[in-house]
Amino acid sequence: MEIKAMVKNRLYPVTYGMEGEKIRITIEDRTYLVDAVCPADGFFSLLINGRCHDAAIEGGDNSYTVLVQGRADQVDFHDPRKRRPTDDLKRSIKEGRQSIHAPMAGQLIRLLVQPGDLVEDGQGLVVLEAMKMENELKSQGVGKVKKIFVTTGDVVKPGQELLIIE
Amino acid sequence: MEIKAMVKNRLYPVTYGMEGEKIRITIEDRTYLVDAVCPADGFFSLLINGRCHDAAIEGGDNSYTVLVQGRADQVDFHDPRKRRPTDDLKRSIKEGRQSIHAPMAGQLIRLLVQPGDLVEDGQGLVVLEAMKMENELKSQGVGKVKKIFVTTGDVVKPGQELLIIE
Amino acid sequence: MFNKILIANRGEIAIRIIRTCRDIGVKSIAIYSEADRTALHVRRADEAYCVGPPPSIESYLNPEAILAAAKKSGAEAVHPGYGFLSENADFARQCAQAGLTFIGPEPEVIEKMSDKTVARRIMIKNGIPVIPGAAGEAGSLEDAGKVSLDIGFPVMLKAASGGGGKGIRIVRREQTFNDAFQAVRREAYASFADSRIFVEKYFDSPRHIEVQIFADQQGHVIHLYERECSIQRRYQKVVEECPSPCMDEELRSRMTAAAIQAAKSVNYTGAGTVEFLVDKERNFYFLEMNTRIQVEHSITEMVTGIDLVKEQIFIAAGRPLSIRQEDIACNGSAIECRIYAEDPKNSYLPAPGPVKKITMPQGPGIRVDCGVFTGWDVSRYYDPLIAKIAAWGRSRYEARRRMLRALDECMIFGVKTNLGLHKQILNDDNFKAGEISTGFIEDRVNPCRDEEIDDHDLAIITALCARLHRPTGKCEKTVQSGHDHSDLWRMASKYQFWATRF
Amino acid sequence: MFNKILIANRGEIAIRIIRTCRDIGVKSIAIYSEADRTALHVRRADEAYCVGPPPSIESYLNPEAILAAAKKSGAEAVHPGYGFLSENADFARQCAQAGLTFIGPEPEVIEKMSDKTVARRIMIKNGIPVIPGAAGEAGSLEDAGKVSLDIGFPVMLKAASGGGGKGIRIVRREQTFNDAFQAVRREAYASFADSRIFVEKYFDSPRHIEVQIFADQQGHVIHLYERECSIQRRYQKVVEECPSPCMDEELRSRMTAAAIQAAKSVNYTGAGTVEFLVDKERNFYFLEMNTRIQVEHSITEMVTGIDLVKEQIFIAAGRPLSIRQEDIACNGSAIECRIYAEDPKNSYLPAPGPVKKITMPQGPGIRVDCGVFTGWDVSRYYDPLIAKIAAWGRSRYEARRRMLRALDECMIFGVKTNLGLHKQILNDDNFKAGEISTGFIEDRVNPCRDEEIDDHDLAIITALCARLHRPTGKCEKTVQSGHDHSDLWRMASKYQFWATRF
């Protein structure tokens, strides 16, 4: 079986098949023989070549958040057998594009970019005053500022979309 | 609203109704104004006259197991509005009757009662050898031995019905 | 030092050992039976290997499978924990033959101490008091009867290979002696394939006190004070304390000296426990020596600050003891409660089943060693110990109060447990006063006491609330629905000080 | 003694106080805002009363509502915890007027110590070293500029009423002084309605070390050693240690003497903390005195064995201190990590949201004070502290290793946390060597480091397993399906020894 997995904007080809009670999984050119069981809802215990890994997982269908080895990652699948593969891909691409949301309620006290600006990974975008602190929201990747929905002085709600970078 | 609750073979008349965001519950002649919320699946936090009670609960429909103040209790409801109240009652009565099951796998090494015997609360019924220990299973109430399904020397599985007391 | 240690055990003690391995930078190798693939000790280990089907004899008691796992993993040492193969001299020998360090004393020492007759003989030779009785096993019914008359009734009949409450009978009168002797012989043979029987003086209401000792390969032997283990049900400990509430410096110095002498007399190495019976006149008698880590070692760790498993590993690796006798303080007081999945109302029968919800206590003075998790199915194949809760306090009073608080915080749903029993024990007036003996539970505790409570109103109220609760799957949190968040925020923003100066 | 204590706080500290109330047999009264009806501190208290809407100013900072709850409940004393009204002299006065014992020092003492100018003056008068700078607030831009030139750049501008990182600017050159002064004045006024500003000497890479003191109403003042609190982000502590790795007996005796002198100079009562800045030449300077229990008090409890909350309550009830200075040992070493729901990659912004799964560490040497549970929604209204994890060891090395083990066991799913940051801190070479300063996190820690790890295979494997997992709701436990249970049992019954002699 073949499938594609998207993590942090990178697409990985994955093939897999059962081998006895284990699963043989090949990611790019790396092959793993995995003994996976579910000790409790939302947990997996993986044994790979004798090594134990305890993982927690949320999500379903083709989109999962996985916590393993102390790190949380978003994993999205694109199944090539599916009728409309573009749906999955579209979502994956959307994941690549950055939509900057307000992490907290607060007041926007400075805009550091303008539409059309090219931004670097880690570059400051806006300054939000929340909890009495000035908090700079940064870009998580390179791109171009496509749209800005707010102006200086706006009071924003948590989760409110502030700008889009593509 | 009226309902009947069965706990440990005792039937309690219960009336209840909303009073603002609280529930007024009367059990027999005792009335409680209850502020109940669900902090997480299977948990309830009760505030009654300022007093906090944290409870865990399993079950559904009309049959629940409740753990509160360190004690687990089985609560069964009989709703008088229901079409076939006898169904509920039948179950409740069945709960009153004792069906003695093997708590563990083991070998039956002694039968202490015979069909027709009257048994006291706490009286020994059978001796099961399990985990290398002789374990006496006791009656949890008074009644009459109705049926015995096993004989001395039988190897029984966990959960297997051994005898019925009514 | 070792790079990898295989832990030939399961449950809380396997996890306990994994934790120390982490602390000292050693990789931990778990083993598991087919029933334990999802067990917590497997999830927490660095590596894990299956050693066979669920029955212990085919997995956790299967030396070949365990040694094969050790070889496969590249482990250099084996920690046996308690129970299973921990006091099996043959297994210790097989480990050595396979080039593995067995973390415990030499096989010959294990052998001597597991044979009660041999152990008893050694103790007598070394001037350590033993319980009056037959010096060896009582061969025949006649011999045993004669010994009993010599030492006087009550006497206790004990299978030579027995333990944990099996193959034991107390005989109070000469008339019942014959029947009891035959019964023990049958039980001993059936359980242990060994029909040898001891006859010893039986003491009413004795205390069970044990001394923790440590010996390194360089010949140093130290003690880590005593533990009071009198609170037992069916000859199995359920509550332990360190130090013993009955101890004074005089008795302690005599008992610890005897324990150290016992260890020296067999050239002991590693962690060991010398169990004594203490009668009402404060005479003590050697019972047995356990050549492994004890379940209740954590309370000794709490009062001494010493990681016993770490010392075990370092000693096995050839290092000298990291502490000298004079540096070991007995700081405060600690109590342990063993939480079992069992039914105290039904002869403490194990109560395996699914743990639907579990909350363990936290906070000041509390240590938890839990072997299960929400969703775990307590297996009928193994010891039904769910968790050990230990409480430390500056005084025994503080430790006891903290333990009661911890027991109240502890919530286990799905299986029957002895939690209620522990609360009764810790609230008992005799326990409070430290007046305890091995008969305590039988004398003072009523496992059915909460049956007598007939107030079920809270249970009914809870069940009714659950019934009325919207079955949308989503919990109602009514409080946040009525507000406009942004307005609230602006209001809060102006005044709230919560992040200030903590 | 009190029969009932109202706890005017929420989260882990409210639970912490409830625990001690349980231990000493005092009923605990919780208060809650409408956002906190299902909070753990409410579930764990004996009684609970709502004090208003979610914003703190309307609930946890609302003296009228809190006093009404106290009256309704019949509480005799109020424990303010930390934050909120804990250092509010007016609230302490209102408590007294309502006939309630405020568990803390006298209102006048709180007042003196919350005003930095007043506190500074008292310290100077009592011979306690203070940071070079303006003796009072710098009234005008000109005055402040002059002081800065006197003491030499770099200088720090601080709002008189500020704290927790708010209203603070460091000025390294004369040229940028004017802009910085104006900005701090604006921020100070907006945040605290108080535009007074301090100018002080700024030290590069200083340590932040505080001394825990206790004073009873009988005039005894003792110290409980120091805590090293240099590991901070945005002026907020995240890792604390007891004792400080830089301490020697000479410096300790001078610092603790200064702290005791500070307490005596204001007739202090109860628990207090004197915060010092320690420069590279091991000179120390008074920073401020916190007139309440600290977040990080648990590490002091671990090394001294003393329950600080219990002492607070007993002192407030008029009892003398239960311990004398000479009886307090500094036993081993303890480290605390504050686990916050925050995003270290995004300026440590609070990251409220639902805690979908949470597993807290257990085992030897670990203490957990957790304020949340699986299913709890971390509120944006309050401090996003999820839990405090503390580790004790015989040595700092052992404590640090145990903490790393605990952090690995700790699993929080649903909200972003600083767990990874803590692992980086504890594994850092400078931290290992005890070479730390308030600049540590900025200098040595990269909150985005795990972004650099581009091995996602385990995440993909797990997600794929979940995708392949039968969606029946039931987990596959393949292992038990192939066996006939009764047969297995009979086999096991013959051999298994697991219950033997633990």
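All heavy atoms count here, side chains included; hydrogens, waters and symmetry mates do not.
- For a residue to count as touching a neighbouring chain, one of its non-hydrogen atoms must lie under 4.5 Å from one of that chain's; by this rule D:I412 touches chain A with the backbone only.
- When heavy atoms are compared at a cutoff of 4.5 Å, A:I25 approaches chain D solely by way of its side chain, counted from C-beta outward.
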Tell me, with the steps shown, if A:S45 and A:D54 meet side-chain hydrogen bond (donor to acceptor under 3.5 Å, both in side chains). CA-CA 5 Å; A:S45 167; A:D54 205 41; 4.8 Å; no

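- Aromatic pair D:Y348/D:Y340: ring centres not closer than 6.0 Å.
- Of the two parts of A:A5, only the side chain, counted from C-beta on, holds a non-hydrogen atom closer than 4.5 Å to a non-hydrogen atom of chain D.
- Residue A:I57 touches chain D through both its backbone and its side chain, counting heavy-atom pairs closer than 4.5 Å.
- Using a 4.5 Å cut-off between heavy atoms, D:N346 contacts chain A through its side chain alone, with no backbone atom that close.
- With a threshold of 4.5 angstrom between heavy atoms, A:D61 approaches chain D through N, CA, C or O but not through any side-chain atom.
- The cationic atom of D:R467 (NZ for Lys, CZ for Arg) lies less than 6.0 Å from the six-membered ring centre of A:F77 and within 45° of the ring axis.
- Residue-environment remark: CD (A:E28) exceeds the threshold of 12 foreign heavy atoms within 6.0 Å.
- Taking A:V68, A:V34, A:V7, A:I48 one by one and counting their heavy-atom pairs under 4.5 Å with chain D, the maximum is reached by A:V7.
- For D:L458, the parts sitting under 4.5 Å from any heavy atom of chain A are the backbone and the side chain alike.
- Looking at A:L137, the atoms closer than 4.5 Å to chain D (heavy atoms on both sides) sit in the backbone and in the side chain alike.
- Heavy atoms of D:K423 lying under 4.5 Å from chain A belong exclusively to its side chain.
- To the nearest 0.5 Å, the span separating OG1 on A:T26 from OH on A:Y16 amounts to 12.5 Å.
- Annotation: cation-pi pair D:K357/A:F43 present, NZ/CZ under 6.0 Å from the ring centroid and within 45° of its normal.
- With a threshold of 4.5 angstrom between heavy atoms, A:V75 approaches chain D through side-chain atoms but not through N, CA, C or O.
- Taking the six-membered ring for Trp and the full ring otherwise, D:H469 and A:F44 have centroids separated by under 6.0 Å.
- Atom CD of A:E161 sits in a crowded spot, with more than 12 heavy atoms from other residues, nucleotides or ligands closer than 6.0 Å.
- Using a 4.5 Å cut-off between heavy atoms, D:D454 touches chain A through backbone and side chain atoms alike.
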